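On a predicted model such as this, the values are computed, not experimentally measured, just so you know.
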Amino acid sequence: MDETTDWTESARQFQQILGESWGKALQMLQPGELGKAMSMPPSTPLSFAPDKLAALQQQYMEDARALWGQGLHAQASKTGDRRFAGESWASNPLSAFSVAAYQLQARALMGLADAVEADEKTRARIRFSVEQWLAAMAPSNFLALNAEAQKKALETHGESIAKGVANLLHDMRQGHISMTDESRFEVGRNVATTEGAVVFENELFQLLEYKPLTPKVYERPFLMVPPCINKYYILDLQPENSLIRHAVAQGHRTFVVSWRNPDASLAHKTWDDYIEDAVLTAVATVQKIAGTKQINALGFCVGGTMLANALAVLAARGQDSVASATFLTTLIDFGDTGILDVFIDESFVRLREMQMGQGGLMKGQDLASTFSFLRPNELVWNYVVDNYLKGQTPPPFDLLYWNSDSTNLPGPYYAWYLRNFYLENRLIEPGTLTVCGEKLDLSKVRLPAYIYGSREDHIVPAAAAYASTQVLPGKKRFVMGASGHIAGVINPPAKKKRSHWVREDGKLPPTLDEWLASATELPGSWWDDWCAWLAGHAGKQVAAPKSYGKAPHFKDIEPAPGRYVKQKA
């Protein structure tokens, strides 16, 4: 049997197998069937816009007939989808046919999702579910259909398959998909290497102080509060992209909170514990070490939300310990939570409260998996294909190493955070939220604030970051950077990458779109803009300290990065 006959027989078998799924897809084009297929409860049947459904049925039948008629000559649509962009997909008739069939099904299913008549949240959930299913069922994820993986197996005489199995077994043992060659990195050796020391610790965090790189420093010290949902060294990956090192090089006496990775001994810790015994304790400790009335502070992501809570507590207590605050990709107003909103409703939050509201741990790997599946093609299936089907070892990449170094969260902390912020958005309502025994009122937090959002951020949408400008009453500066939640923030000036937007008239209209209408796009990083702003709130220059901490109470406990950041979830 020649090669063409082989392909013909393979295609015939594939078409026969595909027939049943096509029949089911056609059935799903009838009203009510999609709801059954998606296991929607009987009390919430799905209905579809009749005109959209009719157009979708007609288009599907036309496309299906055309595809059947093309047979072995079917070609995938030129959509720019990197999963099917290689020449092997076009030259292999079975693979080309499978992609064309997949694209047809994907168009039909997404069309059904868009035709659903429901509230926007329900529609978003349906779209998200369909997108997850489509990402998982792509032909590229299966060796029998992936032309590139088959070609590599032939070229390597099966070695790529053997390596793929070895990679799969390795990842099963470690409990997560390898996004990078993790053996190439070690915290304290080639990531998190800025020189410093631990000068204070308690059961929740270690406080790191960094060695000055300038003969003089600003008199007001600078404290960074990273998210406890991740490890702090996203701010200190390599010397050339370290925001911590950059701040030190600018003459700031810099301190950073390094969170402990919670285990069972911390499973009872609450949001109040983290604000009082961590953020507020860190602020007070930096004040004491530097001997200053005020400090400057920065919060990143959840760390920014925690900093906002701490500032409101200080305001309620009549204390002005913080002179200025920087909020990087931070939610304060949770009115727009982006794609994460598909998970949040009363039943989900109540379930988490029942599971861990009184004690327990939210596992770091579960959190990491959730965030990965927000972008399934890029952060899940791409690695399944490369690591297992093609037998490739992912290249070393510091940011992805950090991304895989997950952290747990105490259950009571996590459940309280979900209800009071994501579900009920209570932080922006004066006097309705009590933290550390104080009624929170952000209108009393009148300090200057620098607010940053990333344009393509899918975790904290840029418009949601901008919403903080409408909540905080003090003098504010908003800047938007290009790229996403992490890459937009970690963008050192020396790289001369991406761009950022500023508005020099100082106006902060109600919406981001209105702000952008008069904003100016500038090339390169936003870091220099921020450094100029921070210097204006840092006071005069004084001689740099010769030692870490302040004797006798705050001594050099151990070199940075310390023990806590090395604890695995």
Task: Over all atoms of both residues, closest heavy-atom pair of Arg352 and Leu418 - done: CG-CD1, 3.9 Å
Open item on the list: Is it the case that the side chain of Thr193 and the backbone of Arg189 share a donor-acceptor pair, with hydrogens and angles ignored and the cut-off at 3.5 Å?
Closed with: no
- [ ] Walk me through it: do Trp501 and Leu522 pass the test side-chain contact (heavy atoms from CB on, under 4.5 Å)?
- [x] CA-CA 6 Å; Trp501 288 258; Leu522 301 175; over 6 Å; no
Task: Student check: side-chain heavy atoms of Gln105 and Met137 closer than 4.5 Å - done: no
Open item on the list: Can you confirm whether more than 12 heavy atoms, excluding those of Lys497, are under 6.0 Å from its NZ atom?
Closed with: no
Task: Asn146 vs Gln150, side chain to side chain donor-acceptor pair (under 3.5 Å): CA-CA, chis, key distance, verdict - done: CA-CA 6 Å; Asn146 191 314; Gln150 293 171 7; over 6 Å; no
Open item on the list: Please check: side-chain N/O of Asn167 versus main-chain N/O of Tyr388, any donor-acceptor pairing under 3.5 Å?
Closed with: no
Open item on the list: Any side-chain to backbone donor/acceptor pair from Gln238 onto Asn190? Under 3.5 Å, distance only.
Closed with: yes
Task: N-O pairing of Glu378 and Arg82 below 4.0 Å - done: no
Task: Polar side-chain atom of Lys390 near backbone of Ala149 as donor-acceptor pair, under 3.5 Å - done: no
TODO: Using a 4.5 Å cut-off on heavy atoms from C-beta on, say whether the side chain of Thr337 contacts that of Ile344.
DONE: no
Task: Single hit among Trp527, Tyr210, Trp526 for ring pair (Phe, Tyr, Trp, His ring centres under 6.0 Å) with His246 - done: Trp527
Task: Partner set under side chain to side chain contact (heavy atoms under 4.5 Å, CB included) for Asn382, not counting sequence neighbours - done: Asp386
Task: Any donor-acceptor N/O pair, Tyr452 side chain to Gly488 backbone, under 3.5 Å - done: yes
- [ ] Report the distance from atom CD of Gln365 to atom CD of Gln174, rounding to the nearest 0.5 Å.
- [x] 8.5 Å
- [ ] Rounded to the nearest 0.5 Å, what's the gap from CG on Leu208 to CE on Met224? Could you check?
- [x] 11.5 Å
Task: Check against side-chain contact (heavy atoms from CB on, under 4.5 Å), Asn230 and Phe371 - done: CA-CA 12 Å; Asn230 301 112; Phe371 283 108; over 6 Å; no
TODO: Kindly compute the distance separating NZ (Lys151) from CD (Glu155), expressed to the nearest 0.5 Å.
DONE: 5.0 Å
Open item on the list: Once you measure the plane-to-plane angle for Phe421 and Tyr417, does it fall in the parallel (<30°), tilted (30-60°) or perpendicular (>60°) bin?
Closed with: perpendicular
Open item on the list: Less than 4.0 angstrom from a charged side-chain N to a carboxylate O is my criterion; do Asp236 and Arg245 meet it?
Closed with: no
Task: Residue of the set Leu328, Val256, Val248, Thr194 for which side-chain contact (heavy atoms from CB on, under 4.5 Å) holds with Leu243 - done: Leu328
Open item on the list: For Cys228 versus Leu409, what's the shortest heavy-atom pair and its separation?
Closed with: O-CD2, 3.7 Å
- [ ] Search all heavy atoms of Ile486 against all heavy atoms of Ile234 and return the closest pair with its distance.
- [x] CG2-CD1, 3.6 Å
Task: Nearest atoms (heavy-atom pairs only) where Ser406 meets Ala368 - done: CB-CB, 4.4 Å
Open item on the list: Is the shortest side-chain heavy-atom distance between Val191 and Tyr401 below 4.5 Å?
Closed with: yes
- [ ] Without swapping roles, check the side chain of Thr180 against the backbone of Leu400 for a donor-acceptor pair under 3.5 Å.
- [x] no
TODO: Of all the heavy-atom pairs spanning Val130 and Leu109, show the shortest one and how long it is.
DONE: CG1-CB, 3.8 Å
Open item on the list: So if I apply the side chain to side chain donor-acceptor pair (under 3.5 Å) rule between Lys231 and each of Asp405, Thr407, Asn403, which one comes out positive?
Closed with: Asp405
Task: Validation row: Ser454, Met480 side chains within 4.5 angstrom (heavy atoms) - done: no
Task: Within-4.5 Å side-chain heavy-atom neighbours: Met362 and Leu367 - done: yes
TODO: May I have the step-by-step check of ring-ring contact (aromatic ring centres under 6.0 Å, His included) for Phe128 and Phe373, ending in yes or no?
DONE: CA-CA 10 Å; Phe128 181 80; Phe373 275 99; 8.9 Å; no
Task: Backbone N/O of Leu235 and side chain of Ser242: donor-acceptor pair under 3.5 Å - done: yes
Task: Arg184 CZ: over 12 foreign heavy atoms closer than 6.0 Å - done: no
TODO: Can you run down the side-chain hydrogen bond (donor to acceptor under 3.5 Å, both in side chains) pairs that involve residues 478-495, sequence neighbours left out, and say none if there aren't any?
DONE: Asp457-His485, Asn491-Arg498
Open item on the list: Less than 4.5 Å apart, side chain to side chain, heavy atoms only: is that true for Val565 and Asn261?
Closed with: no
- [ ] Please lay out, stage by stage, how Phe300 and Thr330 fare under the test side-chain contact (heavy atoms from CB on, under 4.5 Å).
- [x] CA-CA 6 Å; Phe300 181 16; Thr330 292; 5.9 Å; no
Open item on the list: For Asp114, is there an ion pair with Lys52 - N to carboxylate O distance below 4.0 angstrom?
Closed with: no
- [ ] Compute the centroid of each ring, for Trp259 and then for Tyr232, and state whether the two points are separated by less than 6.0 Å.
- [x] no
TODO: Please tell me if the side chains of Met179 and Phe397 come closer than 4.5 Å, counting only heavy atoms from C-beta onward.
DONE: no
Open item on the list: Between Glu148 and Lys152 (salt bridge meaning N to carboxylate O under 4.0 Å), is one present in this structure?
Closed with: no
TODO: Determine yes or no for a side-chain-to-main-chain donor-acceptor pair under 3.5 angstrom, with Gln392 supplying the side chain and Pro394 the backbone.
DONE: no
- [ ] Any chance you could measure Gln58, atom CD, to Asp63, atom CG, to the nearest 0.5 Å?
- [x] 10.5 Å
Task: Residue pair Thr122 / Asp119, side-chain donor-acceptor N/O under 3.5 Å - done: yes
Open item on the list: Would Val489 and Thr329 count as a side-chain contact (heavy atoms from CB on, under 4.5 Å) here? Give the steps.
Closed with: CA-CA 8 Å; Val489 172; Thr329 60; 3.9 Å; yes
Task: Heavy-atom closest pair, residues Ala153 and Ser160 - done: CA-OG, 3.3 Å
Open item on the list: Side chains of Thr326 and Trp530 only: does a donor on one sit below 3.5 Å from an acceptor on the other?
Closed with: yes
Task: Main-chain N/O of Thr393 paired to Lys163 side chain as donor or acceptor, under 3.5 Å - done: no
Open item on the list: Would you call the rings of Phe84 and Tyr102 parallel, tilted or perpendicular, taking 30° and 60° as the class edges?
Closed with: perpendicular
Task: Ion pair Arg125/Asp345, N-O distance below 4.0 Å - done: yes
Task: Any donor-acceptor pair under 3.5 Å from Asn141 side chain to Ala135 backbone - done: yes
- [ ] Taking the side chain as every heavy atom from C-beta outward, state whether Leu67 and Phe97 have any pair of such atoms under 4.5 Å apart.
- [x] yes
TODO: Over 60° means perpendicular and under 30° means parallel, so classify the ring planes of Tyr466 and Trp515, tilted if in between.
DONE: tilted
Task: side chain to side chain donor-acceptor pair (under 3.5 Å) assessment of Glu182 paired with His176 - done: CA-CA 12 Å; Glu182 297 180 24; His176 63 266; 2.8 Å; yes
Open item on the list: Between the side chains of Arg83 and Asp81, is the shortest nitrogen-to-carboxylate-oxygen separation below 4.0 Å, so that they form an ion pair?
Closed with: yes
